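Single-structure report; data block below.
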Protein chains: 2
Amino acid sequence: MNKINMKELAKELNVSVGTVSKALSDSHEISDQTKKKVLETASRLNYTLNPYASSLRNKKSKTIAVVLPEVADNFFSLAINGIQSVAEKKGYHVLIYLSHEKFMNEKSILCECCSGRVDGVLISVSSETTDGDHILKLQQQNIPIVFFDREFEGLHVAKVITNDFECGYQSAEHLISNGCTNPVFLSVSSKLAICNNRADGFKTALKDKKMGDGEKTIIECNGTKEEVFLQIKNMLTTKNKPDGIVASVERLAMSVYLVCQEINISIPADLKVLVFSTLETAPILNPPLSTISQPAFEIGKTAAELLFKGIEKKKYNLTDETITLPSVLIERTSSQAF
Amino acid sequence: MNKINMKELAKELNVSVGTVSKALSDSHEISDQTKKKVLETASRLNYTLNPYASSLRNKKSKTIAVVLPEVADNFFSLAINGIQSVAEKKGYHVLIYLSHEKFMNEKSILCECCSGRVDGVLISVSSETTDGDHILKLQQQNIPIVFFDREFEGLHVAKVITNDFECGYQSAEHLISNGCTNPVFLSVSSKLAICNNRADGFKTALKDKKMGDGEKTIIECNGTKEEVFLQIKNMLTTKNKPDGIVASVERLAMSVYLVCQEINISIPADLKVLVFSTLETAPILNPPLSTISQPAFEIGKTAAELLFKGIEKKKYNLTDETITLPSVLIERTSSQAF
DNA sequence: ATGAAAGCGCTAACAC
DNA sequence: GTGTTAGCGCTTTCAT
C-alpha cells in the first residue's frame with residue numbers, strides 16, 4: 001500500500017484536485033454528493049493529507065513546542081498532561097524539548113522554534129537562564145509564547161504561575177508555628193525567579209516574626225545529585241544545624257530524606273520538612289511528607305489555553321497576561337509539632 | 001524582524017537560490033568563499049530554513065512520534081529522557097502522544113502517524129490493545145516502528161523489552177523464600193502481554209514450588225484509582241487474605257500502601273510487597289519498598305537507536321529484532337522476612 | 001562554481 | 001459547483 005496524493009485521488013474520482021481539496025475541507029462550494037464520494041474514496045484508498053504541504057501553503061504548522069528543564073519530575077509530567085489535553089482538543093501536535101537545566105540548550109531550542117516549525121511555545125525556563133534575548137527573538141518573529149511555572153522576569157510575556165511568594169511566606173509561618181526556631185530554605189538556583197519568590201516569601205515571614213538571619217537562611221543547592229546530598233549532609237551535621245527545611249523542589253526533599261535516613265535524624269522530631277511538590281507518594285513516605293502542592297495539570301492546561309488564544313486570534317495581545325493559580329499546603333507528619 | 005526566505009537571502013547575496021541551498025548544505029560544488037559569505041549573511045539576517053518546505057521536498061520530516069499510555073509514571077518519564085537523548089543527537093524532533101490507555105485513541109494517533117508527519121514511531125501499547133491492525137497499517141506504509149516496554153505480541157515488529165517472565169518468576173520466589181504462603185499478583189490488564197508474562201512467571205514459580213491455586217493468584221485491577229483502592233481493600237479484609245503482593249505497575253503499589261495505612265495492615269509483618277517500578281521514592285517510603293527496577297532510560301534509548309537504524313538504512317530490516325534489557329530486583333524492607 | 005527551472009503536495013484565487 | 005493554475009520555500013538535475 002503506497003502513499004497516495006491528492007492528484008491520484010482526484011484522478012480516481014474523475015474530478016480535479018481543487019474539488020478534492022475543497023471537499024476535504026468541507027467547503028460550501030462543493031455539493032454534498034461530491035463531498036461524500038470524495039470522503040469515501042479517500043478512506044477507501046487510505047488517503048491522508050500531507051501535513052507538510054499543507055503547512056507550507058497555510059503557514060500554519062498545527063504544532064506547538066513545550067520546552068522543559070526536565071521530564072522526570074512529577075510536576076512537569078502532570079503539566080504535560082494538562083497541555084496535551086487541550087492540544088488534542090484543538091487538533092494540535094506537541095513537540096517536547098528538554099533543556100536539562102542548561103541555558104545553551106534552551107537557547108538553541110528556542111532558535112529552532114523560530115523556523116516556523118511551531119505555531120507557539122510553552123516554556124518553563126532552565127535554572128541557568130539569566131538573559132531573555134532568546135525569548136525576545138521569538139516574540140519579534142510573532143510566535144506566541146507563554147511561560148508556565150518557571151517564568152523569566154522582566155519581559156512582557158504571558159505567564160501562568162502559582163502564588164510563590166505567598167506560599168514561601170506560608171511555609172515559614174507553618175514551620176515556625178510548629179516549633180521551628182531555625183528554619184532554612186533550600187533553593188535550586190538564585191537565578192530562578194520562581195525560587196527567589198518562594199525564598200523572598202520565606203525570608204519576609206522570618207523577618208515579620210523577628211527570626212532568622214536573612215540571607216543565611218537561603219541555601220542554594222545547584223550541584224549534581226551527589227553534591228547536593230553531601231551539601232545537605234554537611235549542613236545537617238554542623239553544630240548550629242537547622243530544625244526545619246523548606247525544599248523548593250521535589251528532588252531536594254528526597255535528598256533530605258535520604259540524608260536523614262543515613263545519619264539518623266528523625267523527622268519531624270529533630271527536623272521538620274516541607275516541600276514544594278506534587279509528589280504522588282508524599283502520603284506514603286516515611287514519614288508522610290508535608291507538601292505545598294501546585295495545581296500542575298491546571299497550570300499546564302491554562303497555559304495551553306492562553307497560548308491558543310494567542311495563536312488563534314491574531315489581534316489578541318498575549319503580552320503581560322498573568323494568571324496565578326494558587327497552590328495549597330497539605331500538612332502531613334513531616335512538619336508536625338512534636 | 002520578519003521571517004526571511006531563501007530567495008530574499010539569495011538576492012541580498014547576489015547569487016541564486018540554488019547556490020544558497022547548496023552552500024547551506026555544505027555541498028562540495030560551492031567554493032569555500034561563497035559558503036562563508038552565505039553562512040555569514042544567513043546568520044546576520046537571522047535566516048532559518050523552512051523545515052516544512054524541506055520536508056516536502058525531501059520526504060523526510062526529521063521527526064519521530066512517541067506514543068505512550070500515560071506520562072505521569074516514572075518509567076515513562078525516564079524512557080522519554082532516553083529517547084530524547086538520542087533524538088537530539090540525530091537532530092530529530094520528538095512528538096509526544098498519549099493514548100490514556102484507550103485503544104481508540106491509540107488507533108487514531110497511529111493513523112495520524114501514517115500521514116508522513118513522522119519518520120518513525122516508538123510505542124508502548126495501551127492496556128486495551130487487543131488488535132494489531134493499526135500497527136500493521138503503519139508497517140505497510142513503510143514507517144519504521146519499535147515497541148518499547150509494552151509490546152503487542154504476534155506481529156513482526158522490533159521491540160525493546162525487559163525480562164518480564166523471569167522477573168515474575170523471581171518475584172514469586174522472593175516472596176516465598178521470605179515466608180509468604182499465599183502470595184498474589186496484581187495485574188493491570190489481562191490483555192497486556194507484558195503483564196501476562198510477568199504473571200506467567202509468577203504462576204510458574206508457584207507451580208514449581210507446589211504452591212498457590214493457579215489463576216486465582218492473578219488479580220486484575222483495571223478500574224479507576226478509586227475502584228482499585230476498594231478492590232484491594234476488599235481483598236485485604238477477606239478471611240483468606242494474601243500475605244504477599246506483587247504489583248505489576250507503580251500505581252498499584254501505591255494503592256496497596258494507602259490501603260494498608262488505612263486499615264492498619266503492617267508491611268512487611270502482615271503483608272509483603274514487591275513492585276515492578278522505577279519509583280525514585282521507593283527507598284524513603286514507609287516502609288522502603290522492594291522493587292523490580294526496569295532500566296527505563298536504557299529501554300528508551302535503545303528503542304530509539306533501533307528505530308533510527310530502521311529510519312536511516314532503507315534496507316535494514318526492523319522486523320523481529322528483539323532486545324531484552326534485564327530488570328533488577330532491589331530488596332528493601334517491604335518484602336523482608338519477619 | 002554558479003544559475004535556471006522543475007516539482008514536492010497542497011490551497012485559494014479566479015475562471016467558467 | 002467544478003476546473004485551472006500560481007505559488008508556498010525548498011532541493012536537485014541539468015546546463016553553462
Side-chain angles (χ1 to χ4, degrees), chain A residues 2-39 41-42 45-63 91 112 114-119 141-142, chain B residues 2-39 41-42 45-63 91 93 112 114-119 141-143:
Chain A
N2 282 331
K3 265 206 83 37
I4 154 184
N5 65 21
M6 196 178 278
K7 203 162 135 196
E8 285 154 354
L9 178 56
K11 196 156 63 186
E12 177 81 18
L13 281 154
N14 280 315
V15 294
S16 73
V17 285
T19 305
V20 173
S21 176
K22 285 171 196 160
L24 290 176
S25 57
D26 202 26
S27 157
H28 52 261
E29 294 180 38
I30 303 294
S31 74
D32 285 353
Q33 207 189 8
T34 313
K35 277 184 195 169
K36 217 176 102 186
K37 242 185 358 205
V38 171
L39 258 0
T41 334
L45 300 182
N46 258 306
Y47 171 76
T48 48
L49 246 182
N50 181 314
Y52 297 136
S54 291
S55 291
L56 182 57
R57 253 317 299 233
N58 296 331
K59 297 179 175 304
K60 271 283 185 185
S61 67
K62 285 279 191 179
T63 304
E112 254 292 328
C114 286
S115 67
R117 187 180 291 278
V118 297
D119 295 342
Q141 309 256 15
N142 280 313
Chain B
N2 281 331
K3 266 206 81 38
I4 156 183
N5 65 19
M6 196 178 277
K7 202 162 136 196
E8 286 153 355
L9 178 56
K11 195 156 65 189
E12 177 81 18
L13 282 152
N14 278 315
V15 295
S16 73
V17 284
T19 305
V20 173
S21 176
K22 285 170 196 162
L24 289 176
S25 56
D26 201 25
S27 158
H28 53 262
E29 293 180 38
I30 302 294
S31 72
D32 285 353
Q33 208 190 9
T34 314
K35 277 183 195 170
K36 216 175 103 185
K37 242 187 356 205
V38 171
L39 256 2
T41 331
L45 300 183
N46 258 305
Y47 171 75
T48 48
L49 247 181
N50 180 313
Y52 295 136
S54 291
S55 291
L56 182 56
R57 255 314 302 227
N58 297 331
K59 296 178 174 305
K60 273 280 183 190
S61 67
K62 285 277 191 181
T63 305
H93 301 260
E112 255 292 329
C114 286
S115 67
R117 187 181 292 278
V118 298
D119 295 342
Q141 310 255 16
N142 280 313
I143 302 184

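Everything quoted here is computed from the prediction, not taken from an experiment.
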(message) Checking B/Ser54 now: which residues fulfil side chain to side chain contact (heavy atoms under 4.5 Å, CB included) with it, not counting sequence neighbours?
(response) B/Leu49, B/Asn58
(request) Please list, chain by chain and in numerical order, all residues satisfying side chain to side chain donor-acceptor pair (under 3.5 Å) with A/Thr48, sequence neighbours excluded. (result) A/Lys3
(request) Take nucleotides 9-16 of chain C nucleotide by nucleotide from the 5' end and write B, S or -, depending on whether a protein heavy atom sits under 4.0 Å from the base, only from the sugar-phosphate, or from neither. (result) BBBBBB--
(message) My understanding is that only residues two or more places apart in sequence, or in another chain, count here; which of them pass side chain to side chain donor-acceptor pair (under 3.5 Å) with B/Asp26?
(response) B/Lys35
(message) So, using side chain to side chain donor-acceptor pair (under 3.5 Å) as the criterion, who are the partners of A/Ser21 when residues are at least two apart?
(response) none
(request) Sequence neighbours left out, what pairs pass salt bridge (charged side-chain N to carboxylate O under 4.0 Å, His left out) with at least one residue falling in residues 47-57 of chain B? (result) none
(request) May I ask you to decide if B/Lys60's main-chain N or O and B/Asp119's side chain share a donor-acceptor pair within less than 3.5 Å? (result) no
(request) Taking side chain to side chain contact (heavy atoms under 4.5 Å, CB included) as the test, write out the residues that go with A/Leu9, two or more places apart. (result) A/Ile4, A/Leu13, A/Val20, A/Thr41, A/Ala42, A/Leu45, A/Tyr47
(message) I'd like the 5' and 3' limits of the part of DNA chain D contacted by chain A, with heavy-atom contacts below 4.0 Å.
(response) D/dG1 to D/dG9
(message) Under the rule for side chain to side chain donor-acceptor pair (under 3.5 Å), what residues qualify as partners of A/Thr34, not counting sequence neighbours?
(response) A/Ser31
(request) Give A/Thr34 one of three labels, base, sugar-phosphate or nothing, depending on what nucleic acid heavy atoms sit under 4.0 Å from its own. (result) sugar-phosphate
(request) Mind checking salt bridge (charged side-chain N to carboxylate O under 4.0 Å, His left out) for B/Lys62 and listing every partner two or more places apart, or none if nothing turns up? (result) none
(request) Starting from the first five and the last five pairs of the helix from C/dA1-D/dT16 to C/dC16-D/dG1, work out the angle between the resulting helix axes, to 10 degrees. (result) 40°
(request) For residues 4-15 of chain B, pull every pair meeting salt bridge (charged side-chain N to carboxylate O under 4.0 Å, His left out), keeping only residues two or more places apart or in separate chains. (result) B/Glu12-B/Arg44
